[in-house]
Amino acid sequence: MKAGEWVFNLNPVAASRPRVSKYGHAYFTGAYKEFRNNMIDVAEAVLGEFVPLQGPLSVDLEIFVRKPKTTKLPSPRGDIDNFTKAIFDSLNKRLWEDDRQIEKLYVVKCWTDGPDEDGWFKIGVNQID
């Protein structure tokens, strides 16, 4: 059953490893921290008063990363699983209860059409019977 499809107009960032303070507290820094903070507002604007999905899910994820002015890389730097992790973790308790519900996954990572186009991602979710 099709649950929906959503577009998030926020440049995706690959998840980074948490840093640990001398007191044992884990925290994030840099672009990933900024992405996590921005996703709170973007997810609220896109999803509104959405009730998180329950049960097993199938997800199609298309990731479009802002292309730098110059690059020789055919696709964005960063592992596709780290981009996926950043997005999925930020949607826990918003789009689904927890990303462990996802049993099927299809992901594509590519550049936007040019350096003037902002990055974004699209998620299609189906509930598995």
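As a basis for the values below, the full set of heavy atoms in this structure was taken, side chains included, without hydrogen atoms, waters or symmetry mates. Quick caveat, the model's predicted, so the values are computed rather than measured.
What you find for P12 and G119 is that their closest heavy atoms are CD-C, 4.1 Å. The shortest non-hydrogen separation linking A15 to A86 is N-CB, 3.8 Å.
With a 4.5 Å cut-off on side-chain heavy atoms, D118 and N11 do not count as touching. Contact annotation: the side chain of M39 approaches that of L91 to within less than 4.5 Å [non-hydrogen atoms, C-beta and beyond]. In this structure, the side chains of L61 and I87 come closer than 4.5 Å at one or more pairs of heavy atoms. Between W6 and F121, the closest side-chain pair of non-hydrogen atoms is not below 4.5 Å.
Distance check, rounded to the nearest 0.5 Å: CG of L47 to CG of L95 gives 5.5 Å. Taken from NZ in K109 to CD1 in I63, the straight-line distance is 8.0 Å, to the nearest 0.5 Å. Going from atom CG of N37 over to atom OG of S90 covers 11.0 Å, rounded to the nearest 0.5 Å. Separating the CD atom in E49 from the CD atom in E44 is a distance of 8.0 Å, to the nearest 0.5 Å.
By the side chain to side chain donor-acceptor pair (under 3.5 Å) test, D89 is found to be paired with K85, residues two or more places apart in sequence or in another chain being considered. F88 pairs by the ring pair (Phe, Tyr, Trp, His ring centres under 6.0 Å) definition with W96, not counting sequence neighbours. Under the ring pair (Phe, Tyr, Trp, His ring centres under 6.0 Å) criterion, Y32 pairs with F28, not counting sequence neighbours. Here K67 pairs with T71, W111, T112 under the side chain to side chain contact (heavy atoms under 4.5 Å, CB included) rule; sequence neighbours left out. A search for side chain to side chain contact (heavy atoms under 4.5 Å, CB included) contacts involving K122 returns E5, V7, E62, W120, not counting sequence neighbours.
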I'd like to know whether V65 forms a side-chain contact (heavy atoms from CB on, under 4.5 Å) with F83, so could you lay out the CA-CA distance, the side-chain angles of the two residues, the decisive distance to 0.1 Å, and finally the verdict.
CA-CA 10 Å; V65 180; F83 278 98; 3.6 Å; yes
Go through it in stages, so that I can follow the logic: the residues are I123 and D60, the test is side-chain contact (heavy atoms from CB on, under 4.5 Å), and I'd like the CA-CA distance, side-chain angles, deciding distance and then a yes or no.
CA-CA 6 Å; I123 295 180; D60 293 334; over 6 Å; no
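Annotation: E117, atom CD; neighbour count of heavy atoms from other residues, nucleotides and ligands within 6.0 Å is above 12.
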Side-chain donor-acceptor pairs of residues 97-108 under 3.5 Å, sequence neighbours excluded:
unit_1: E97; atom_1: OE1; unit_2: K93; atom_2: NZ; d: 3.3
unit_1: E97; atom_1: OE2; unit_2: Q54; atom_2: NE2; d: 3.4
unit_1: D98; atom_1: OD1; unit_2: R100; atom_2: N; d: 3.0
unit_1: Q101; atom_1: OE1; unit_2: E97; atom_2: N; d: 2.9
unit_1: Q101; atom_1: OE1; unit_2: D98; atom_2: N; d: 2.9
unit_1: Q101; atom_1: NE2; unit_2: L53; atom_2: O; d: 3.1
unit_1: Q101; atom_1: NE2; unit_2: G55; atom_2: O; d: 2.9

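Under a hydrophobic-cluster definition in which Ile, Leu, Val, Met, Phe, Trp and Tyr are linked whenever side-chain heavy atoms come within less than 4.5 Å, directly or via other members, V125 and L10 are assigned to the same cluster. Note on F50: it clusters hydrophobically with V42, by side-chain heavy-atom contacts below 4.5 Å among ILVMFWY residues.
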